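Atoms within each ligand, like the ligands themselves, are counted from 1 in listed order. Keep in mind that this is a model prediction, so the values were computed, not measured. Heads up: numbering here begins at 1 and tracks the sequence.
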Amino acid sequence: MTSLVAERQLFIGNHWRDSSDGGVISIVQPASGTTMGTVASATRDDVDMAVSAAHRAFADWSQSASETRAHALDAIADHLEGRRAELVERTARNNGKPIAEAEADLDDAVACYRYYGRLAADGLPTVPVEAPAGCSVRKERLPLGVAALIVPWNFPLTTAAWKVAPALAAGCTVVLKASEVTPFAELALGSAALAAKLPEGVVNIVVGGPECGAHLTQHALVGKISFTGSNTVGERVMRAAAERAVPVTLELGGKSPIIVCADVDLDWAADIVAGSIFTNCGQVCSATSRLVVEADIAEALHSRLVARAEALVMGDPLDRSTTLGPLTSAAQLAKVEQYFAIAAEEGLRRLTGGTRVSGPGQFVTPTIYADVPPTSRLWREEIFGPVLVTARFSFTAEALALAQDTSFGLGATVLCGDGERAARMAAALRAGNVWVNTGQVVFPGGSWGGFGASGFGRELGLAGLEAFTSVRQTLAPSQWTAPRPSSRP
Ligand code: NAD
């Protein structure tokens with residue numbers, strides 16, 4: 001039985017520890033506003049200790065056999081899976097997400113550890129090379145060292161898995177900085193590391209806010225930074241990485257479009273549009289928060305979307321009848337309410353929602369604003385809440401112009417009965433993930449990342465593992481033999 005006290009501390013060098021100054025962070029349950037308990041809050045000294053532990057462990061872990069890494073990743077997956085009900089409950093309570101979504105979060109994380117376990121079993125991929133005449137050349141991938149992994153609060157188990165699993169598979173050791181808002185599920189990774197018998201220092205977990213994160217990104221012994229979060233913080237992380245030329249992966253925000261053509265089944269389309277903005281209360285980086293709908297069906301689709309929004313059931317995330325949770329943090333609630341006020345100032349046409357729900361918890365009503373001009377702040381800025389804005393188009397080029405009218409490039413969806421037209425639209429969209437006639441399917445062997453302001457670098461798949469490596473090329477004459485050591489003193 002894992003000690004719940006342990007999983008409220010920092011995990012450094014295979015030991016659970018209190019913060020060096022005894023500081024704690026109080027964690028709030030967003031559905032009730034009550035506290036869920038406290039976790040240790042990492043100081044700069046704690047971060048230093050975690051990075052040092054990871055640095056000491058790197059020499060051996062980077063040389064470990066591929067089977068060792070594969071076995072460890074599988075054992076982490078086994079541990080998380082074995083505690084499924086408990087970790088799902090923790091995620092649902094800490095994030096406020098409905099229990100079915102918390103289950104998906106855990107299942108996705110487990111699948112990710114298993115996937116990278118399989119990749120690790122194959123060893124690091126070699127890089128094909130055409131050698132110059134008379135030479136033998138070998139190119140190989142080497143792990144980058146201590147990986148600083150910084151994650152947000154919206155999918156704690158999954159975003160951590162997308163970084164921890166490929167980093168370990170590549171031979172990096174890690175310091176994971178869990179979000180100060182939702183650390184409870186990720187802290188179980190410490191117990192998973194112990195269960196997997198990982199050597200001391202291979203996995204370290206600290207919890208803290210901006211100061212803790214900033215100190216980690218500036219640490220001289222960090223060899224790779226992988227960051228998922230907002231654009232504002234991403235810019236700071238990139239500056240820190242630039243100071244020491246540390247490779248960095250940035251998974252940032254989005255304002256993704258969903259184009260719906262007139263020839264689709266309206267109920268099918270409404271389900272996909274609603275699911276892609278109201279899941280996790282809209283706190284999804286790839287949420288398709290801008291609907292671009294063909295004019296002929298705009299009214300009919302709007303009315304179906306309003307019906308779906310108003311049918312969502314808000315309540316206790318652990319109650320299976322709940323289909324819309326609260327916003328996860330008080331700061332996020334304040335931000336969404338600010339956009340309700342901006343919408344009122346801008347005179348946007350509200351079809352439904354736009355209010356905070358009175359009573360305990362950080363609930364807002366699912367919201368739709370129709371025929372929003374592209375100059376509106378609600379059209380241009382990431383809200384990260386259950387807020388959909390819509391615009392109409394009359395011809396394909398207009399749909400694409402509206403969809404592409406953004407600095408972001410994370411996701412995009414096309415729903416269209418005409419396969420050829422759908423393919424043409426998909427080919428014109430500049431986004432890291434384009435979904436055609438489907439909801440947002442994400443899988444470990446796939447690819448995740450953005451264009452433009454949504455960041456750069458890719459997670460998942462082989463690219464996700466390669467991001468934790470760099471290439472060493474060794475060249476020698478084909479016939480070369482080492483000169484004999486000189487006999488002279
Ligand atoms: P955030 O940027 O406020 O925080 C992200 C993480 O960075 C947290 O762990 C935070 O403690 C840490 N941090 C804060 N200041 C730091 C600093 N100066 N240096 C280093 N770390 C620091 O983001 P958030 O509010 O937690 O998450 C929401 C944002 O994340 C949204 O913009 C969303 O689009 C984005 N996101 C992107 C993806 C993706 O895959 N592209 C996935 C999930 C979330």
Side-chain angles (χ1 to χ4, degrees), residues 25 27 30 39 41-42 44 47 94-95 97 105 108 112 148-163 175-183 186 205-219 222 225-243 246 248-256 277 279-289 327-336 381-385 406-411 431-433 440 442 446-460 464 467:
I25 304 171
I27 306 298
V39 296
S41 172
R44 292 161 73 97
V47 171
N94 195 170
N95 278 76
K97 60 176 76 186
D105 205 359
D108 288 351
C112 182
L149 313 177
I150 299 178
V151 292
W153 42 259
N154 55 342
F155 289 90
L157 282 170
T158 311
T159 44
W162 288 13
K163 297 182 191 307
V175 178
L176 169 68
K177 195 204 80 61
S179 164
E180 65 276 36
V181 180
T182 56
E186 282 139 303
I205 310 169
V206 294
V207 183
E211 195 187 339
C212 171
H215 189 58
L216 179 58
T217 58
Q218 289 157 3
H219 202 291
V222 163
I225 300 169
S226 182
F227 171 81
T228 300
S230 64
N231 285 65
T232 310
V233 177
E235 190 182 316
R236 288 180 199 141
V237 169
M238 194 161 163
R239 281 183 203 283
E243 300 248 326
V246 173
V248 60
T249 298
L250 294 181
E251 299 285 0
L252 306 177
K255 190 75 190 180
S256 301
I277 181 62
T279 297
N280 204 25
C281 202
Q283 302 164 119
V284 180
C285 49
S286 58
T288 39
S289 50
L327 291 159
T328 298
S329 73
Q332 197 54 38
L333 172 66
K335 184 175 173 192
V336 171
E381 298 173 13
E382 182 183 53
I383 300 173
F384 222 56
T406 174
S407 57
F408 295 108
L410 191 56
N433 272 85
Q440 299 200 354
V442 181
S447 168
W448 193 261
F451 285 82
S454 293
F456 53 80
R458 289 293 177 268
E459 295 195 297
L460 299 179

Looking at every heavy atom in both [X] and [Y], which two are closest together, and how far apart are they?
{"X": "Ser454", "Y": "Gly254", "answer": "OG-CA, 4.1 Å"}
{"X": "Leu410", "Y": "Ser286", "answer": "CD2-N, 3.9 Å"}
{"X": "Asp105", "Y": "Pro156", "answer": "OD2-CD, 3.7 Å"}

Of all the non-hydrogen atoms in the protein, which one sits nearest to [atom], and at what distance?
{"atom": "atom 32 (O) of ligand 1", "answer": "Glu382 OE1, 2.7 Å"}
{"atom": "atom 19 (N) of ligand 1", "answer": "Ala214 N, 3.3 Å"}
{"atom": "atom 25 (O) of ligand 1", "answer": "Trp153 NE1, 3.0 Å"}
{"atom": "atom 13 (N) of ligand 1", "answer": "Val233 CG1, 3.7 Å"}
{"atom": "atom 35 (C) of ligand 1", "answer": "Gly229 O, 3.2 Å"}
{"atom": "atom 10 (C) of ligand 1", "answer": "Glu180 OE1, 3.7 Å"}
{"atom": "atom 41 (N) of ligand 1", "answer": "Leu252 O, 2.7 Å"}

Pick, from [options], the option with the minimum heavy-atom distance to [atom].
{"atom": "atom 44 (C) of ligand 1", "options": "Leu149, Asn231, Thr328, Asn154", "answer": "Asn154"}
{"atom": "atom 3 (O) of ligand 1", "options": "Ser230, Ser286, Cys285", "answer": "Ser230"}
{"atom": "atom 21 (N) of ligand 1", "options": "Gly213, Pro152, Gly411", "answer": "Gly213"}
{"atom": "atom 6 (C) of ligand 1", "options": "Asn280, Leu250, Val151", "answer": "Val151"}

Per-atom contacts of ligand 1 with [X], taking only distances under 4.0 Å to non-hydrogen atoms:
{"X": "Ile150", "result": "6 (C), 7 (O), 9 (O), 12 (C), 20 (C), 21 (N)"}
{"X": "Val237", "result": "20 (C)"}
{"X": "Gly208", "result": "11 (O)"}

Separation of [Y] [atom2] from [X] [atom1] (nearest 0.5 Å):
{"X": "Glu251", "Y": "Glu459", "atom1": "CD", "atom2": "CD", "value": "4.0 Å"}
{"X": "Ile27", "Y": "Ser329", "atom1": "CD1", "atom2": "OG", "value": "11.5 Å"}
{"X": "Cys281", "Y": "Leu333", "atom1": "SG", "atom2": "CG", "value": "9.5 Å"}
{"X": "Leu149", "Y": "Thr228", "atom1": "CG", "atom2": "OG1", "value": "9.5 Å"}
{"X": "Thr158", "Y": "Glu186", "atom1": "OG1", "atom2": "CD", "value": "9.5 Å"}
{"X": "Thr328", "Y": "Phe384", "atom1": "OG1", "atom2": "CZ", "value": "8.5 Å"}

query = Among Thr249, Leu216, Leu252, Thr217, whose side-chain contact (heavy atoms from CB on, under 4.5 Å) with Val237 holds?
reply = Thr217
inquiry  = Between ligand 1 and Ser179, can you find any atom pair, the residue atom being a heavy atom, that is separated by under 4.0 Å?
reply    = yes
key: Trp448 to ligand 1, any heavy atom closer than 4.0 Å   = yes
query = Is Glu243 salt-bridged to Arg239, going by a charged N under 4.0 Å from an acidic O?
reply = no
Examine the proximity of ligand 1 to [X] and report which part, side chain or backbone, both or neither, has a heavy atom under 4.0 Å away.
{"X": "Phe384", "value": "side chain"}
{"X": "Leu410", "value": "side chain"}
{"X": "Thr228", "value": "both"}

ask   = Taking N or O atoms only and a 3.5 Å limit, does Thr217 qualify as a polar contact for ligand 1?
value = no
request  = Indicate whether any N or O donor in one side chain lies under 3.5 Å from an N or O acceptor in the other, for Lys163 and Ser226.
outcome  = yes
